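Both counts, for ligands and for their atoms, begin at 1 and track the order of listing. All of these numbers come straight from a predicted model, not from anything done at the bench.
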Amino acid sequence: MPIPLMASPTLLVFLLFLSLLHQVASKAVIFEGFDENSELNLQGSSIIKTSRLLKLTNRSTNIVGHAFYATPFQMLNKNNTNPPLQPYAYSFSTNFVFSIVSPISGSGGFGLAFTIAPSTQFPGAEAGHYLGLVNSANDGNDSNHIFAVEFDTVNGYKDDSDTEGNHVGVNINGMDSIITEPAAYIEEGTDNVKEDFRMAKVDAVQVWIEYDGEKKTLNVTIAPLPLPRPSKPIIMNHNIDLYNVMEESMYVGFSASTGQETSSHYLLGWSFVVNGVAPLLNISNLPKPPPKEKEPTSFPWVNVAIGILSGLTFCLLCILFCLTCYRRYMDFEVLEDWEMDCPHRFRYKDLHIATKGFIESQLIGVGGFGAVYKGVLPSTGAEVAVKRIVRSPFHGMREFAAEIESLGKLRHKNLVNLQGWCKKKNDLLLVYDFIPNGSLDYVLYKPNNNNNFVLNWGQRFNILKDISAGLLYLHEEWEQVVIHRDVKTSNILIDAHLNARLGDFGLARLYNHGQVSHTTSVVGTIGYIAPELTRTGKACANTDVYSFGVVLLEVATGKRPLDSDQFFLVEWVIENYHLGQILEVVDPKLDSLYDEEEVELVLKLGLLCTQHRADYRPSMKQVTRYLNFDDPLPDIADWGHDVSGSSRLSEGFLEVTSSMGTVEALGYLSSISMSTKSIDAGR
Ligand SMILES: *[C@@H]1O[C@H](CO)[C@@H](O)[C@H](O)[C@H]1NC(C)=O
Ligand SMILES: *[C@@H]1O[C@H](CO)[C@@H](O)[C@H](O)[C@H]1NC(C)=O
Ligand SMILES: *[C@@H]1O[C@H](CO)[C@@H](O)[C@H](O)[C@H]1NC(C)=O
Ligand SMILES: *[C@@H]1O[C@H](CO)[C@@H](O)[C@H](O)[C@H]1NC(C)=O
Ligand SMILES: *[C@@H]1O[C@H](CO)[C@@H](O)[C@H](O)[C@H]1NC(C)=O
């Protein structure tokens, strides 16, 4: 009889407590390969193979495999004795290696998830997207107490979440991921250069997950084997509180499922610990990754096959050789999967042919980031302008493509339509309608000796109406609000019939109606940037109206917005307005041949649009109505402010001028902004 213990119940409690602590703190689990002695609870299709692989699913449709560590872990610190004394979920750390074998053709499915759950049973859980953890009825229910990090290879759960197949997602209580990232790792030595890879295509994927319960941070890092651990995680979140998700005792393991599309899901090794750093797996001790599946060889007479094959091999080698030469020649394009379903994507080959291999004679301009070539599409014979941006420095190609895809849907007779795009390695090609006459900037200011063509007033007035119609479409008539951000005369192209088209959507970012911009850097051109933009960096419809106001004044006066350090067009027009001689500013090249009413309207409207205060500027709808004489221009006395204080305007200009540094240090989109001036000079 254990008398000492009986005599000392306090000691008993203390020992019990110790053993509890011991169990929580030191139970590190490590599996480098699996066997029948592994303390795992297997359910569904999960089996341990003689190759020491844990196979969670085979390639049958709609099956689920679970594998959980047989004993649960203590996951909550309910009695936190350290300040602030709040209870919290314990920290944990895990390292594992998995492998997905999908069919060679078509896509596999669905995925596997590292899972922490209150039980090893998931009654009613469905396969497919639900990964064997929940079903359509309890998906997202707080009473599930499930934390999962999913590695999914199929996209399209509930339309908008998980838009990318092949992603990593963090899920709480359901399949609506609270965070998702395309499968990628951050390249060593870079801050945020993501190297994408396809989880189902690499031999195996290694994962590290760390959660800090007190700081509520979660890191997920992945890399294809045998790469070492990248130093930066792909998911790093500082705001994940698992206290309400965890219960005191939780099971930890994996769940995988297949749907209509199927893959085999394997685990090669796994380590896990609560309140510590998971022991790192020694990769050389892990079982070999499962072989990737090959096309079934149904032909029984292997020897005959070998005979035929060796005959074919020679032919194949010849073909390969030719193909290699061809690829070298064409610099053959390799499409990434996400690029396949972009209707506006051009084939590199076509653009190569269209521009005769980007030869110099097709070059119609060179800008800061690349060149513009004239081309004729081989399929349709249509003339296009191809902007080639070499070694584009941005990395979010996929997001960028999505943006271009939607810009490609914009269609208006007063816009230079973006027909499509193409990416080849780091080069980005943008394909626009070809507009023969060059830019308004060029037509207005070209040296006289070039040819004697001068736009008359009627033509100028029509051009302004065209551009206001184009801008109105961007701001109010398309399904999303598109802020142009770089309205200026060199972005206005003139076609053969002297109709104007607004070009270069490179700088435009999409805004949903009513949403505020999140821009951080100023994008635009000196002289056309609304004063508040340099302070707030927030582009909106008002700032485009400002730029359009400058264009109105420019077209009427034939003067650039800033000609020297001393000349500010807007200020100059205001001064003359105050002297009662507004018609003095009209372009002398018009030879006094103009409709005074129209000219006065354009000048006044220019001033109305370039008011210092954004909220006093009219909307494009209103501007269009004024230009068509649908509404009378409001009396200048009613504008409420700054036409009287020209000093405030010049202050705004000085601000713009001095912010040159900011304007040149543009965000990634600016990289596709080019000075069209030089392009037009070539036309
Ligand atoms: C796949 O797993 C399911 C569920 O365990 C089993 O019924 C089926 O026979 C397996 N199929 C193959 C081809 O092994
Ligand atoms: C935690 O605190 C409660 C109330 O203070 C106490 O009843 C319980 O025994 C404590 N649990 C542990 C594990 O210390
Ligand atoms: C969540 O699940 C619980 C227990 O099954 C159930 O009582 C509750 O109604 C569910 N809540 C929702 C919003 O479905
Ligand atoms: C997550 O990663 C960051 C950056 O590498 C690191 O500073 C932080 O300590 C990590 N957090 C956890 C919980 O491991
Ligand atoms: C990994 O295992 C191999 C073979 O067991 C051993 O030689 C090697 O030293 C181990 N590496 C580490 C870092 O422990």
Nearest-contact summary for atom 2 (O) of ligand 5 - protein heavy atom, Å: Asn282 ND2, 2.3 Å

Of Phe68, Tyr130, Tyr251, the residue whose pairing with Phe122 passes ring-ring contact (aromatic ring centres under 6.0 Å, His included): Phe68

Aromatic ring pairing Phe114/Phe272, orientation class (parallel under 30°, perpendicular over 60°, tilted between): tilted

Option whose closest heavy atom lies nearest to atom 10 (C) of ligand 1, chosen from Asn58, Thr258, Thr61: Asn58

Atom CG of Asn239 with >12 non-hydrogen neighbours under 6.0 angstrom: no

Trp270 vs Thr94, side-chain hydrogen bond (donor to acceptor under 3.5 Å, both in side chains): CA-CA, chis, key distance, verdict: CA-CA 7 Å; Trp270 175 38; Thr94 185; 2.9 Å; yes

Shortest protein contact, atom 9 (O) of ligand 3 (heavy atom only): Asn141 ND2, 4.8 Å

Those atoms of ligand 5 less than 4.0 Å from some heavy atom in Ser284: 1 (C), 2 (O), 3 (C)

Ligand 1-proximal atoms of Ser60, by part, heavy-atom distance under 4.0 Å: side chain

Whether Phe96 and Phe254 hold their rings parallel, tilted or perpendicular, with breakpoints at 30° and 60°: perpendicular

Heavy atom of protein inside 4.0 Å of atom 7 (O) of ligand 5, strictly below: no

Protein heavy atom at shortest distance from atom 4 (C) of ligand 5: Asn285 OD1, 3.5 Å

Heavy-atom nearest neighbour in the protein, as seen from atom 5 (O) of ligand 3, with distance rounded to 0.1 Å: Ser143 OG, 4.4 Å

Arg229/Glu210 salt bridge by N-O under 4.0 Å criterion: yes

